[in-house]
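Residue numbers run from 1 in the order of the sequence given. Computed from a predicted model, the values in this text were never measured in an experiment. The figures that follow rest on heavy atoms only: side chains count, while hydrogens, waters and symmetry mates do not.
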Amino acid sequence: KELEKGIKINPNSVEGNKQLGAWHLRMGNYEKANHYLQKADDLDPFSLLNIGYIGGYYHEIGDFEKTIVYANRLIAMEPNFYFGHFLLGLVIYQNELNEALAESNLAVKLIGEQNIGALFSLGVVYGRMNEKEKAYSILKKMDAIGISKDETFYEYANVFAGLGEWDKAFEYYE
């Protein structure tokens with residue numbers, strides 16, 4: 001409600017549009033997420049975080065080609081920002097696990113092991129590579145961060161899905 005109130009007061013607020021778009025993305029309101037994120041991008045095409053959110057939006061709706069476009073846009077703008085490598089790792093692990101492992105490792109290296117987003121991507125890749133011990137060690141690192149699993153259900157569910165532990169994954173998805 002507060003973000004929407006802020007947008008009514010200042011419809012051209014880059015931060016307001018970006019955060020409202022990110023909120024709608026997390027809530028699964030994809031049409032609204034796209035509207036606000038694209039508006040923020042029109043207002044400030046150099047916002048690394050917003051470009052990452054747009055890439056995340058395309059990943060969520062299954063448009064991996066556009067996800068790659070935004071991941072590469074991020075990497076071109078700032079190769080040391082983890083988010084571009086994170087997005088690329090997410091898309092690549094669909095087919096090229098070794099390349100996905102390299103991108104996911106780089107994302108964790110750039111942002112650190114206190115970022116659940118980067119860690120979960122690495123955990124999924126390890127799971128898909130049948131490196132179960134490494135995937136479980138990622139889950140332990142995610143636990144150590146101390147963020148509520150209610151807030152990180154998506155990340156945990158995807159690592160368990162990468163491990164092929166579907167019952168556990170669906171517990172989190174539910």
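- When hydrophobic clusters are built by joining Ile, Leu, Val, Met, Phe, Trp and Tyr residues whose side-chain heavy atoms come closer than 4.5 Å, directly or via intermediates, F170 is not grouped with F160.
- A salt bridge is defined here as a Lys NZ or Arg NE, NH1 or NH2 lying under 4.0 Å from an Asp or Glu carboxylate O, and K1 with E4 fails to meet this definition.
- Listed by first then second residue, pairs satisfying ring pair (Phe, Tyr, Trp, His ring centres under 6.0 Å) with a partner in residues 6-34 read H24-Y36, not counting sequence neighbours.
- Checking side-chain atoms of E96 against main-chain N and O of N98 turns up no donor-acceptor pair under 3.5 Å.
- Both F83 and F46 belong to a single network of hydrophobic side chains, linked directly or stepwise wherever heavy atoms of I, L, V, M, F, W or Y lie under 4.5 Å apart.
- Taking OH from Y82 and OG from S121, the interatomic distance works out to 10.5 Å, rounded to the nearest 0.5 Å.
- Residues L119 and V108 approach most closely at N-CG2, 4.1 Å, considering heavy atoms.
- Counting only heavy atoms from C-beta outward, the side chains of R73 and P45 approach each other to under 4.5 Å.
- No chain of hydrophobic side-chain contacts below 4.5 Å, direct or via other Ile, Leu, Val, Met, Phe, Trp or Tyr residues, connects M77 to L43.
- Partner of N29 under the side chain to side chain contact (heavy atoms under 4.5 Å, CB included) criterion, chosen from R26, E31, M27: M27.
- Counting only residues at least two apart or in different chains, ring pair (Phe, Tyr, Trp, His ring centres under 6.0 Å) contacts with residues 140-159 comprise F120-Y154, Y156-Y172.
- Note that the CD1 atom of I116 and the CD1 atom of I145 stand 4.0 Å from one another [nearest 0.5 Å].
- Closest approach of F86 to A118, counting heavy atoms only: CD1-CA, 4.1 Å.
- Side-chain atoms of L48 and L74, non-hydrogen and from C-beta on, do get closer than 4.5 Å to each other.
- The minimum heavy-atom distance between V124 and N158, with the atom names listed, is CG2-O, 3.3 Å.
- The hydrophobic clustering, which links ILVMFWY residues whose side-chain heavy atoms are closer than 4.5 Å, places L20 and L49 apart.
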Stepwise, does the side-chain contact (heavy atoms from CB on, under 4.5 Å) test hold for I138 with M142? CA-CA 6 Å; I138 294 295; M142 290 167 58; 4.0 Å; yes
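- To the nearest 0.5 angstrom, N80 atom CG is 9.5 Å from K109 atom NZ.
- Taking each heavy atom of D41 and I54 in turn, the nearest pair found is CB-CD1, 3.6 Å.
- A heavy-atom distance below 4.5 Å is found between the side chains of K39 and P11.
- The closest side-chain heavy-atom distance from D44 to N50 is not below 4.5 Å.
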Apply side-chain contact (heavy atoms from CB on, under 4.5 Å) to Y58 and Y70, showing your working. CA-CA 9 Å; Y58 283 115; Y70 281 91; 3.5 Å; yes
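- Residues K66 and D63 come closest through the heavy atom pair N-OD1, 3.1 Å.
- For the pair L139 and L163, the minimum side-chain heavy-atom distance is below 4.5 Å.
- If you chain together hydrophobic residues whose side chains sit under 4.5 Å apart, L97 and Y126 fall into the same group.
- Between A161 and A169 the shortest heavy-atom distance is N-CB, 3.7 Å.
- Proximity of S47 to K18: side-chain heavy atoms (C-beta onward) are separated by under 4.5 Å at one or more points.
- Taking 4.5 Å as the limit, some side-chain heavy atom of L122 sits within range of a side-chain heavy atom of L101.
- Of the possible donor and acceptor atoms, none in the side chain of N115 sits under 3.5 Å from a partner among the backbone N and O of I111.
- Taken to the nearest 0.5 Å, the CG atom of L25 stands 5.5 Å off from the CD atom of E60.
- One finds the NZ atom of K8 at 15.0 Å from the OG atom of S13 (value rounded to the nearest 0.5 Å).
- For the atom pair S104 OG and E99 CD, the distance stands at 10.5 Å (nearest 0.5 Å).
- Counted within 6.0 Å of CD on E113, heavy atoms from surrounding residues, nucleotides or ligands total 12 or fewer; the atom is thus considered open.
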